[in-house]
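Everything on this sheet refers to the single structure shown next.
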Amino acid sequence: MDIVIAPLRDAPPADPQALPAEWAAWAEEPGHVVAVQEEARVLGRVHVVVVGRSECWLEGLWVQPAARGRGVGGRLVAAAEEVARDYGAEVARTAIPRHDYGAAAVAERAGFQRVCDAVVLLANLPHGPIDFPFDTPVASGEGRDVPALVEFLAASPTLAAWRGLVPLGWRFRRLVPELVRGLAKDGRIVRSGDAVEGAAAFALRGDTVVFSWLDAPRPQRQALFAAVAERARTAGAVRAAVFAPDAWALEGIRAAFTPHPWCPDGLLVVEKRLG
């Protein structure tokens, strides 16, 4: 069996069981696809993406059904970790749908340990007026707000539940001031309250507005959601996807959320020190 490494842009279409349908549309970083081949036949593949100065993300581990039980998954993970080390990564993470016990077993055998849990919830944006509580001021986060945003997020329930990690698209990475500053510069953070009492980070991805987080006191959640939803709808979005520690974190938002079909029971985020 041979290991083949190629740019992720050259990867074949994602296997529907290994990755969610929107993985490419929601992705924010380039990466590599690592494959195991035998006589030019692909037995399995995995993606490895560097997501920070010393962090990498593994995704889409897939092995041909006929090749399972031959150690292909373990070889893929080991090769992906070596690629990550070459780029200076000190920690690797991945997310596994809670119902995918096979992927969880591969991760455990490779030395990954649970970090946190998350849910991904979907809702259609309304066609008519979006309910907005006007007694809650909402503004775009600006550069001058970054210190207050970082301070708020460091103490927020969402970041506490996620052990200081945040997702951009499907990939979780450590929250650092530079990341918050970049999101503010790109107009992708809104804050609520006269000071920073709540905050949401988002990205427009095709017909979907993807919330990396929405963290605020319950009375302010609808204001943040409505402000982003109105902006997204104007840009052509028709639905919202929200990453959250659990469904309770979205209480107070007036939208009919349903679990994402790829991870209806939620996600398990695991990590491994590469050392």
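The residues of the chain are indexed from 1 along the displayed sequence. The structure displayed is predicted, hence computed values, not measured ones.
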**Request:** Check the pair Glu197 / Gln220 against side chain to side chain contact (heavy atoms under 4.5 Å, CB included), numbers first and verdict last.
**Result:** CA-CA 8 Å; Glu197 300 173 32; Gln220 297 184 14; 2.7 Å; yes

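- Closest approach of Pro219 and Thr136 over heavy atoms only: O-OG1, 4.2 Å.
- Leu268 is not listed as a side-chain neighbour of Val115, based on a closest heavy-atom distance of 4.5 Å or more.
- Summarising the geometry of Ile96 relative to Ala104, their closest heavy-atom pair is CD1-CA, 3.8 Å, with the distance given to 0.1 Å.
- Under the 4.5 Å side-chain heavy-atom criterion for Ile, Leu, Val, Met, Phe, Trp and Tyr, Ile5 and Val63 are members of the same hydrophobic cluster.
- In this structure a side-chain-to-backbone donor-acceptor pair under 3.5 Å is missing from Ser192 to Leu224.
- With sequence neighbours left out, the ring-ring contact (aromatic ring centres under 6.0 Å, His included) criterion links Phe202 to no other residue.
- Checked against a 6.0 Å centroid threshold, the rings of Trp23 and His47 count as neighbours.
- One hydrophobic cluster, built from ILVMFWY side chains closer than 4.5 Å, holds both Leu204 and Val242.
- The side-chain hydrogen bond (donor to acceptor under 3.5 Å, both in side chains) check on Arg114 picks up Asp117, with sequence neighbours excluded.
- Interatomic distance, Glu90 CD to Leu274 CG, rounded to the nearest 0.5 Å: 8.5 Å.
- With a 6.0 Å radius and a threshold of 12 heavy atoms from other residues, nucleotides or ligands, Gln37 has its CD atom above the threshold.
- Taking the side chain to side chain contact (heavy atoms under 4.5 Å, CB included) definition, one finds that Asn124 meets it with Arg239, sequence neighbours left out.
- Closest non-hydrogen pair, Phe112 versus Ala92, comes out as CE2-O, 3.5 Å.
- Atom-to-atom distance recorded for Asp86:CG and His32:NE2 is 9.5 Å, nearest 0.5 angstrom.
- Counting heavy atoms from C-beta outward, Val120 and Pro259 have side chains that stay 4.5 Å or more apart.
- No side-chain heavy atom of Val4 sits under 4.5 Å from any side-chain heavy atom of Val34.
- Residues Leu149 and Val196 are in side-chain contact: their nearest non-hydrogen atoms beyond the backbone lie under 4.5 Å apart.
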**Request:** For the pair Leu153 and Leu175, evaluate side chain to side chain contact (heavy atoms under 4.5 Å, CB included) and give the outcome as yes or no after the intermediate values.
**Result:** CA-CA 9 Å; Leu153 290 167; Leu175 182 75; 3.7 Å; yes

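- A distance-only check finds no donor-acceptor pair linking the side chain of Thr158 to the backbone of Asp215 [under 3.5 Å].
- Atom CG of Leu183 sits about 7.0 Å away from atom OG of Ser212, to the nearest 0.5 Å.
- In this structure, Pro264 and His99 have side chains that are in contact, with non-hydrogen atoms separated by less than 4.5 Å.
- Cluster membership check: Phe257 shares its hydrophobic cluster with Leu214, using side-chain heavy-atom separations under 4.5 Å among Ile, Leu, Val, Met, Phe, Trp and Tyr.
- Panel note: side chain Asp145, backbone Glu142; a donor-acceptor pair is recorded below 3.5 Å.
- The two atoms that bring Val46 and Ala80 nearest to each other are CG1-CB, 3.9 Å, heavy atoms only.
- Residues forming a ring-ring contact (aromatic ring centres under 6.0 Å, His included) with Trp162 (at least two apart in sequence, or on another chain): Phe172.
- Leu61 and Ala18 make their closest contact through O-CB, 3.8 Å (heavy atoms, listed as atom of the first residue, atom of the second, distance).
- Looking at Glu271 and Gln113, their side chains never bring a donor and an acceptor atom within 3.5 Å of each other.
- The main-chain N or O of Glu29 is found under 3.5 Å from a side-chain atom of Arg171 such that the two form a donor-acceptor pair.
- Of the possible donor and acceptor atoms, none in the side chain of Arg93 sits under 3.5 Å from a partner among the backbone N and O of Arg173.
- With rounding to the nearest 0.5 angstrom, the SG atom of Cys56 is 10.5 Å from the NZ atom of Lys272.
- You'll find the side chain of Val50 stays beyond 4.5 Å of the side chain of Trp57, heavy atoms only.
- For the atom pair CD (Glu230) and CD1 (Ile130), the distance works out to 4.5 Å, reported to the nearest 0.5 Å.
- Using a 4.5 Å heavy-atom cutoff, the side chains of Tyr87 and Val48 are not in contact.
- Trp170 is linked by a ring-ring contact (aromatic ring centres under 6.0 Å, His included) to Trp26, Phe243, His260, Trp262, counting only residues two or more places apart in sequence or in another chain.
- Counting only heavy atoms from C-beta outward, the side chains of Leu267 and Val119 never approach each other to under 4.5 Å.
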**Message:** Would Arg85 and Glu81 count as a side chain to side chain contact (heavy atoms under 4.5 Å, CB included) here? Give the steps.
**Reply:** CA-CA 6 Å; Arg85 288 190 189 94; Glu81 290 175 2; 3.8 Å; yes

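- Applying the salt bridge (Lys or Arg N to Asp or Glu O under 4.0 Å) test to residues at least two apart or on different chains, the pairs with a partner in residues 245-259 are Asp131-Arg254.
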**Message:** side chain to side chain contact (heavy atoms under 4.5 Å, CB included), that's the test. Do Thr94 and Val270 meet it? Break it down for me.
**Reply:** CA-CA 6 Å; Thr94 191; Val270 297; 3.5 Å; yes

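- Under a hydrophobic clustering in which Ile, Leu, Val, Met, Phe, Trp and Tyr are joined whenever their side-chain heavy atoms come within less than 4.5 Å, directly or via other members, Val210 and Leu159 fall into the same cluster.
- Contact check on Glu38 versus Arg70 returns a salt bridge, with a Lys/Arg side-chain nitrogen under 4.0 Å from an Asp/Glu carboxylate oxygen.
- Judged purely by distance below 3.5 Å, without hydrogens or angles, the side chains of Arg188 and Ser140 never pair a donor atom with an acceptor atom.
- Applying the side chain to side chain contact (heavy atoms under 4.5 Å, CB included) test between Glu28 and each of Val49, Leu168, Val51 identifies Leu168 as the sole match.
- The CD1 atom of Ile189 lies 11.0 Å from the CZ atom of Arg181; values are rounded to the nearest 0.5 Å.
- With hydrophobic clusters built from ILVMFWY side chains whose heavy atoms lie under 4.5 angstrom apart, Val150 shares a cluster with Trp213.
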**Message:** Checking Glu39 against Arg41 for the salt bridge (Lys or Arg N to Asp or Glu O under 4.0 Å) test, could you report, in this order, the C-alpha distance in whole Å, the side-chain angles of both residues, the deciding distance, and whether it holds?
**Reply:** CA-CA 5 Å; Glu39 297 179 353; Arg41 185 170 67 98; over 6 Å; no

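- In this structure, Ala249 and Pro245 approach most closely via the heavy-atom pair CB-CD, 4.0 Å.
- The cationic atom of Arg45 (NZ for Lys, CZ for Arg) lies less than 6.0 Å from the six-membered ring centre of Trp62 and within 45° of the ring axis.
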